[in-house]
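Numbers restart at 1 for each chain; the letters A, B, ... are given by sequence-line order, proteins then strands. Since the model is a prediction, treat every value here as computed from it, not as a measurement. Note that these values count all heavy atoms, side chains included, but never hydrogens, waters or copies made by symmetry.
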2 protein chains.
Amino acid sequence: MRNVSIKDIAAAAGVSHSTVSRALRNSPLLKPETIARIQKIAQEKGYTASAAARSLVTRRTQTIGVVVTTIADPFVAEVVSGIEEAANEHRYSVFLANSNAEPEREMNVVRSFAEHRVDGIVVTSSRVGALYTPMLSSMQVPIVLVNNQHPGEFVHSVMIANFEASRQATGLLVELGHRRIAYLGDRFGYQSDSERFAGYREALDCAGLAFVPELVSHGDGRPEGGYEAMKKLLALPDPPTAVFCYNDMSALGALKAIREAGLRVPRDISIVGFDDLFVAEYAEPPLTTVRQPRRQMGRLAAEILLKLIQGEQADEVLRVPGELVLRQSTAPPPCPEPR
Amino acid sequence: MRNVSIKDIAAAAGVSHSTVSRALRNSPLLKPETIARIQKIAQEKGYTASAAARSLVTRRTQTIGVVVTTIADPFVAEVVSGIEEAANEHRYSVFLANSNAEPEREMNVVRSFAEHRVDGIVVTSSRVGALYTPMLSSMQVPIVLVNNQHPGEFVHSVMIANFEASRQATGLLVELGHRRIAYLGDRFGYQSDSERFAGYREALDCAGLAFVPELVSHGDGRPEGGYEAMKKLLALPDPPTAVFCYNDMSALGALKAIREAGLRVPRDISIVGFDDLFVAEYAEPPLTTVRQPRRQMGRLAAEILLKLIQGEQADEVLRVPGELVLRQSTAPPPCPEPR
DNA sequence: ACGTAGAATGGACACGTTTGCGGAACGTCT
DNA sequence: AGACGTTCCGCAAACGTGTCCATTCTACGT
């Protein structure tokens, strides 16, 4: 059964289809009673405009594409939630595509977005494939990145203020009295890792603490990597009394390593994470960490994108502040053993 | 700058646009060299077909709509990941829409899907608003539900085999030697709760254990509710030695309540969850739970939907088995206090 | 050389919408 | 009464593609 079109309504109302079109868009060219009459008929017939036909002539699809490495990543999911929310408020719909960081899927994503003529794109994947960058930008639409590790050739992005947040987090450990503070980083050379590391260094400097290279260990951003990296730190002759971790996932692994070593958090060692993933709250002990306003970041990215679509100016790199969330994985350092 | 169309290519190749259309679709009506020549030109000009124009005439959009309450729910996100994956393999794109369980947004979702003429819909939200059910079904497209609590008027759905999984999980506790096994359920009357409860009852019956009403307590499916419900159980004169929880979220709350009561898991009390959320693995202790093959369920839902779109038959209610994952929150009951 | 079957291609319309332009109806002013 | 300005509406073209039908071209058999 065909969908009812503007012409069917025109026939029913005894007017031309142009008039119907205008009536449905509340054109001031029509007299109010005509508008009301036509809208009533449209309502009765259960009319729904065809986005395809409309966008064919308006050259706007009211649609944005969102690429993610995988929506199964809770971090990404919340960002997308914010994007979708903001888009919806502006009557935009979102196409979701997972790239899985696979070149083939990345091609599919580009093709799909191009064919559907999305008005703009938000990329929420830490890594964008090299070959895929030029393809994305070749399709003449605005693009906004969220927390991207290689913003390189793109202009617009929304990012967490890594440096400041990291300095603040490390600062907390300093204030608690720690003097041997380790940095458990990420080994992939991401921009966020170097920024967080820089914040860590800065906090040490401010406190007049010397930087000790042995106190830096690298994981892989996941619990397994954090676990191994923490074991190395624990094996030092003089282990740290506090560890600032690149992210919560690493911190989870670190917690496990510490537990297995028979030590207690925060009594023996303090741990600070980064992200405030849901699990941070339910770790044992609940993790002190830096909250990233993920949903908000998604909203902002969408709003910047929508501005760009309207042809307006928008922030090029927007830094949003993190928030230090105090839980129970941080405490003053243990008293030196009495001797 | 306009996108290059089929006509531009026709002009460049000195043929009619119909020929180009055929060439791009590898029609056997054209001779191979013409096809090759035209495809080459299309390639050079960076041609991308317009999905809008195409779907206007084919009456197919190669698009499916996915409604979720919120993509920020990790459970949902993984299901969606599976849906998107399967859809992509069949060259379908997905529209993602969050309903947030708000009537207004639900209306928006329906409008948006209707206007975009999606070929089918997957609903991954535990609750579908009453008013919104008829709207969805009014738009003449196939619909598949995933783990929906009120499948009511819809025909097709994919669900976890609650009863069997729950019986098995409770059975584990029985085998470990527990005799006072509690059920920490959900209070909203969801179908999954009653099915899981039924499985629990069945396992008790099989083991010849009497059902004790006091050993049933209700949370709200979230940690807070689980926490409160567990406190009630702990306050009993003769508390349970094991608890089977409606889901992992409730179990997390239960773990917290137990910790606060100064008891240890699993030494004093065993806990089993349901879902195998990511956090289950990193809870303290790591949680024994029932894994739901979320991604797989998403894939299946998409595949059923795609079959329906092709006009084929498909399973009406597909039950997928859960998998009991043994971790460290379960052990034999404590020895009775020596006296 | 000519008719013809079959292969290859073009013409035209349709899909559903928006919009510039022109025209009819109506009222107002001189 | 005629000129003119408004108000309201219809006509037609356009967006990019698919496809039926008609037409041209090619090659073949006689």
Side-chain angles (χ1 to χ4, degrees), chain A residues 1-39 41-42 45-63 91 111 114-119 139-140, chain B residues 1-39 41-42 45-63 91 111 114-119 139-140:
Chain A
M1 190 184 85
R2 239 180 69 258
N3 270 304
V4 320
S5 87
I6 217 179
K7 289 182 190 169
D8 302 324
I9 298 178
V15 297
S16 79
H17 76 273
S18 338
T19 304
V20 176
S21 171
R22 287 192 260 259
L24 294 174
R25 335 189 86 246
N26 287 306
S27 160
L29 293 176
L30 266 46
K31 64 174 153 188
E33 59 242 46
T34 315
I35 296 188
R37 188 167 60 92
I38 295 181
Q39 289 192 345
I41 297 179
K45 296 215 160 203
Y47 170 78
T48 330
S50 158
R54 173 178 296 159
S55 61
L56 201 52
V57 25
T58 61
R59 313 189 135 288
R60 279 294 183 78
T61 55
Q62 296 279 108
T63 278
R91 305 203 121 213
R111 183 186 46 71
E115 290 192 348
H116 284 102
R117 304 280 194 268
V118 295
D119 292 337
M139 48 187 292
Q140 312 290 359
Chain B
M1 192 184 83
R2 236 179 71 258
N3 270 304
V4 319
S5 87
I6 216 178
K7 289 183 189 168
D8 303 323
I9 299 178
V15 298
S16 78
H17 81 272
S18 335
T19 304
V20 177
S21 172
R22 286 190 263 258
L24 295 174
R25 332 189 90 247
N26 288 307
S27 160
L29 292 175
L30 264 46
K31 61 174 152 191
E33 58 240 47
T34 319
I35 295 189
R37 188 168 60 91
I38 294 181
Q39 288 193 346
I41 297 180
K45 296 217 161 203
Y47 170 79
T48 329
S50 158
R54 174 178 295 158
S55 62
L56 201 52
V57 27
T58 61
R59 311 189 140 285
R60 279 292 182 80
T61 56
Q62 295 278 109
T63 279
R91 306 205 121 212
R111 182 185 47 72
E115 291 192 348
H116 286 102
R117 305 280 193 266
V118 295
D119 292 337
M139 48 187 294
Q140 314 288 358

Exercise for the section: Scan Ser5(A) against the nucleic acid and name what it touches under 4.0 Å (heavy atoms): base, sugar-phosphate only, or nothing. Expected result: sugar-phosphate
Exercise for the section: Look at the side chain of Leu29(B) and decide which nucleotide, out of dT18(C), dT9(C), dT17(D), has an atom nearest to it. Expected result: dT9(C)
Handout entry: Candidates dG11(C), dT18(C), dG10(D) - which lies nearest the side chain of Arg22(B)
Key = dG11(C)
Handout entry: Integer-rounded Å distance: dT6(D) P and Leu30(A) CG
Key = 19 Å
Handout entry: Side-chain heavy-atom pair Arg37(B), Val15(B) within 4.5 angstrom cut-off
Key = yes
Handout entry: Residue Ser50(B), side-chain atoms from C-beta onward, closest of dA8(C), dT18(C), dG16(D)
Key = dG16(D)
Practice task
Give the rounded distance in Å between these two atoms: CZ of Arg60(B) and C1' of dT17(D).
Solution key: 17 Å
Exercise for the section: Decide yes or no, distance alone: a donor-acceptor N/O pair under 3.5 angstrom between the base of dT18(C) and the side-chain of His17(A). Expected result: yes
Practice task
Select base, sugar-phosphate, or nothing to describe what Thr34(B) touches, counting heavy atoms under 4.0 Å on all strands.
Solution key: sugar-phosphate
Handout entry: Base dC11(D) paired with Ser18(A) side chain (donor-acceptor, <3.5 Å)
Key = yes
Exercise for the section: Using a 4.0 Å heavy-atom cut-off across all strands, classify Ala52(B) as base, sugar-phosphate, or nothing. Expected result: nothing
Exercise for the section: Output the single nucleotide from dT19(C), dG10(C), dA12(C) whose closest atom is nearest the side chain of Thr19(B). Expected result: dG10(C)
Exercise for the section: Could you check how far CZ of Arg117(B) sits from P of dG16(C), rounded to whole Å? Expected result: 8 Å
Handout entry: Phosphate contact (dG10(C) OP1 or OP2) by Ser16(B) side-chain N/O below 4.0 Å
Key = yes
Exercise for the section: Would you mind reading off the distance between Lys31(B) atom NZ and dA27(D) atom C1', rounded to a whole angstrom? Expected result: 12 Å
Problem - Thr19(B) and Ser16(B) side chains, donor-acceptor separation under 3.5 Å - result: yes
Under 3.5 Å, N/O pairs linking protein and nucleotides 25-28 of chain C:
none

Practice task
Among His116(A), Met139(A), Arg117(A), find the residue that satisfies the side chain to side chain contact (heavy atoms under 4.5 Å, CB included) test when tested with Thr48(B).
Solution key: Arg117(A)
Problem - Phosphate-side-chain proximity, Arg59(A) and dA14(D), N/O vs OP1/OP2 below 4.0 Å - result: no
